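I have placed the structure first, in the form of structure tokens, so that the comments after it can refer back to it.
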Amino acid sequence: MPGITAGNSFCELKTRTLSETLKKRWQERTELYERYLKKLQDSGHIFEDQGAMRFRSPREHVILDDVVCGKIDFDLSNPATHPDMTIRRPDGSWIFHFVNVIDDLEMKISHVIRGEDHLSNTPKHIEIFRALGATPPHYAHIPLILNRDGSKMSKRDEGARVEYYIRRGYLPAAVRNYLCLLGWSPKDNREKIDIDEIIRIFDLKNIGRSSATFDPDKLHWLNGEYARELSDSEFYDLAVAKLKSSGVKLDDFPEKYVRDALQTCKGKVNTFDELPAYCGFYFTDNFEYNPEGVARHFTVENKPRLKAVRDALSILKKFDVAEIETTLKSTAASLGVKVGAIVHPTRLAVTGSNVGPSLYHLLEVLGKEKVVERIDRALSTF
RNA sequence: GGCGCGUUCGUCUAGUGGUUAGGACACAGCCCUCUCAAGGCUGGUGCACGGGUUCGACUCCCGUACGCGCUGCCA
């Protein structure tokens with residue numbers, strides 16, 4: 001994409017903040033385009049039209065041999081259907097098609113890989129190359145990515161920016177992997193492939209022809225695949241960053257506590273932005289109980305059971321996973337219920353949620369004091 | 001309107017004349033299990049339509065429909 005002529009460069013030019021070097025670069029580009037325009041003028045390819053410069057089409061068939069689309073014959077002989085394109089406006093600014101060709105020429109581009117939306121523009125670009133006596137580059141037009149509603153995903157769409165996924169706690173490797181699966185396939189039913197492998201087996205010739213709808217669900221799944229493979233420390237670092245940016249005050253807790261807490265969440269979430277809701281209970285005593293859970297588990301029948309759990313846990317000498325598990329199981333046995341019957345109310349009392357990390361592990365991390373406190377608080381609500 | 005491109009489960013795709021049309025995501029059910037997730041198993045849904053060509057078409061050809069792109073003094 002020709003940077004200096006693209007988008008809002010014109011606006012920037014008018015501002016005082018534009019640096020001298022940028023101004024200079026702009027000047028150089030302008031001179032460059034002028035030179036090529038002159039060349040086209042000298043060879044009779046240009047005519048003026050109300051102050052604008054237009055390129056006179058040779059009016060021939062242009063046969064494009066696209067690396068992914070194959071041979072396509074464009075008939076440009078009819079001026080009514082293919083008018084001569086403008087390449088410079090009366091105000092001196094340049095048209096995309098022209099600068100696009102010049103920039104590629106100047107940079108000695110050998111292969112142009114771009115979206116299929118440019119397919120129909122390509123014969124026009126080829127005409128300019130030829131008029132300049134240059135050989136056009138190889139072209140590869142790749143399928144477009146569509147939004148869920150079938151519309152073309154453009155750079156304006158929020159979901160089309162990588163930052164969007166970074167902000168949402170997606171892993172770069174996963175996003176990259178997913179994107180590669182759109183319009184291309186390794187053909188051996190693999191979905192998760194690391195980038196080195198893709199680079200090894202990728203071939204432009206194997207790009208598909210039809211556009212692909214972006215599927216957030218599949219990206220979400222694939223991200224989980226990558227997230228589960230993170231090392232403990234990688235997971236920890238990313239989790240801490242996400243939690244802090246979400247306003248969770250991790251600094252109020254000992255590092256070991258944070259580490260232990262996060263370790264119980266590893267492999268349980270697909271993206272990091274799910275984390276605050278998933279493990280927030282570790283870092284605040286002030287949480288709400290899930291209403292559905294309350295209706296289901298904070299029942300008169302469960303109250304004595306929860307009380308029994310509280311009492312059993314409160315007399316534990318060693319408050320670790322093994323002891324907790326044994327205690328809960330024996331408590332359930334003596335109550336004559338399945339362990340699930342006391343696990344659910346306990347989890348709700350201590351985390352406010354019906355889902356979360358392994359209960360035994362999470363209790364150990366929270367510590368006896370906090371656990372008993374929270375169960376007491378829960379008991380007082382029903 | 002003209003020109004160009006496309007069309008295999010809801011989605012991403014494998015498939016290049018003879019397959020029970022395969023996989024993955026999502027969905028449903030079951031198993032496992034302290035919940036969830038993961039994992040295992042099972043299930044349903046697909047070759048846009050109509051003509052050809054052929055002994056035989058998802059696969060080749062033509063047409064139709066639908067979708068998309070280009071058709072700017074947008075990029």
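As the structure is a computational prediction, the values presented were derived from the model and not from experiment. We name chains A, B, ... by the order of the sequence lines, and we start the count at 1 in each one.
Aromatic ring orientation, A:Trp184 versus A:Phe202: tilted (interplanar angle from 30° to 60°). Between A:His125 and A:His97, the ring planes lie tilted relative to each other; the angle falls in the 30° to 60° range.
Listed candidates were B:C5, B:U71, B:C25. Nearest to the side chain of A:Glu116 is B:C5. Closest to the A:Val355 side chain, of the nucleotides B:C3, B:U35, B:U71, is B:U35. Each of B:C73, B:C5, B:A24 was ranked by its minimum atom distance to the side chain of A:Thr86; first place goes to B:C73. Closest contact between the side chain of A:Ile95 and the listed nucleotides B:G4, B:C73, B:U35 involves B:C73. Among the nucleotides B:A26, B:C73, B:C5, the one closest to any side-chain atom of A:Arg209 is B:C5. Proximity note for A:Arg89 (side chain, C-beta onward) versus B:A75, B:U71, B:C70: the nearest is B:A75.
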(message) I need a per-nucleotide contact map over nucleotides 9-16 of chain B, read 5' to 3'. Cutoff is protein heavy atoms under 4.0 Å; write B for the base, S for backbone only, - otherwise.
(response) --BBSSS-
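Across B:C5 and B:C25, the matching P atoms stand 35 Å from one another, rounded to whole Å. Going from the P atom of B:G29 to that of B:C66 covers 39 Å, rounded to whole Å. Look at the C1' atom in both B:U11 and B:G67: the space between them is 16 Å, to the nearest Å. Remark: the separation of the C1' atoms in B:G39 and B:U33 is 11 Å, to the nearest Å.
One interatomic measurement links the two molecules: CG of A:Leu230 to C1' of B:A38, which rounds to 15 Å at whole-angstrom precision. When the P atom of B:A75 is taken as reference, atom NE2 of A:His125 falls 11 Å away, rounded to whole Å. In this structure, A:Phe98 places its CZ atom 16 Å from P of B:C74, rounding to the nearest Å. Atom CG in A:Asn100 sits roughly 15 Å away from atom C1' in B:C70 (whole-Å rounding). The NE2 atom of A:His61 sits 12 Å away from the P atom of B:C3 (whole-angstrom rounding). A:Asn223 places its CG atom 13 Å from the P atom of B:A26, with the value rounded to the nearest Å.
Pair check for B:U11 finds B:A24; Watson-Crick or G-U wobble, both atom distances under 3.5 Å. Across all strands shown, B:C41 pairs with B:G29; the Watson-Crick or G-U wobble distances both stay below 3.5 Å. Under the Watson-Crick and G-U wobble criteria, each requiring two contacts below 3.5 Å, nucleotide B:U19 is left unpaired. B:C58 is unpaired under the criterion used here, namely a Watson-Crick or G-U wobble arrangement in which both key atom distances are under 3.5 Å. Figure legend. B:U53 is base-paired to no nucleotide; pairs are counted as Watson-Crick or G-U wobble with both atom distances under 3.5 Å. The base-pairing partner of B:A48, taking Watson-Crick or G-U wobble contacts with both distances under 3.5 Å, is B:U64. Base pairing of B:G69 is made with B:C3, judged by Watson-Crick or G-U wobble geometry with both donor-acceptor distances under 3.5 Å.
A 4.5 Å side-chain heavy-atom check between A:Arg347 and A:His297 finds every atom pair outside the cut-off.
Nucleic acid contact class of A:Asn121 (heavy atoms, under 4.0 Å, all strands): base. Residue contacts for A:Gly340: at a heavy-atom cut-off of 4.0 Å it reaches no nucleic acid atom on any strand shown. Residue A:Lys266 is classed as having no contact, given no heavy-atom separation below 4.0 Å to the nucleic acid. Base contact: A:Asp49 has a heavy atom under 4.0 Å from a base atom. A:Pro357 comes within 4.0 angstrom of a base, heavy atoms only. Counting non-hydrogen atoms under 4.0 angstrom, A:His97 reaches a base of the nucleic acid. Among the protein residues, A:Glu325 comes within range of no part of the nucleic acid, since none of its heavy atoms lies under 4.0 Å from any strand.
For the atom pair CG of A:Asp273 and CD1 of A:Ile166, the computed distance is 13.0 Å after rounding to the nearest 0.5 Å.
Residue A:Asp73 is the one, among A:Pro83 and A:Asp73, whose nearest nucleotide of RNA chain B lies closer to the 5' end (criterion: closest heavy atom). Take the nearest nucleotide of RNA chain B for A:Cys69 and for A:Val339: the residue whose nucleotide is more 5' is A:Cys69.
In the hydrophobic clustering, where aliphatic and aromatic side chains (Ile, Leu, Val, Met, Phe, Trp, Tyr) are joined below 4.5 Å either directly or transitively, A:Leu144 groups with A:Leu146.
At a cut-off of 3.5 Å, with distance as the only test, no side-chain donor of A:Tyr178 or A:Glu191 sits close to an acceptor on the other residue. Using modelled atom types, one finds a donor on one side chain and an acceptor on the other under 3.5 Å when comparing A:Glu234 with A:Ser231.
Distances shorter than 4.0 Å separate none of the side-chain N or O atoms of A:Arg228 from OP1 or OP2 on B:A37. Note on A:Lys268: every side-chain N or O is 4.0 Å or more away from OP1 and OP2 of B:A38. Taking side-chain N and O atoms only, A:Thr81 has no distance below 4.0 Å to OP1 or OP2 of B:G2.
A:Phe235 has its ring centre less than 6.0 Å from the ring centre of A:Phe272.
Look at A:Glu34 and A:Arg88 and you find a salt bridge, because one of the NZ, NE, NH1 or NH2 atoms lies within 4.0 Å of a carboxylate O, short of that distance. Ion pairing between a basic and an acidic side chain is recognised when a charged N comes within 4.0 Å of a carboxylate O; A:Arg305 and A:Glu301 show such pairing.
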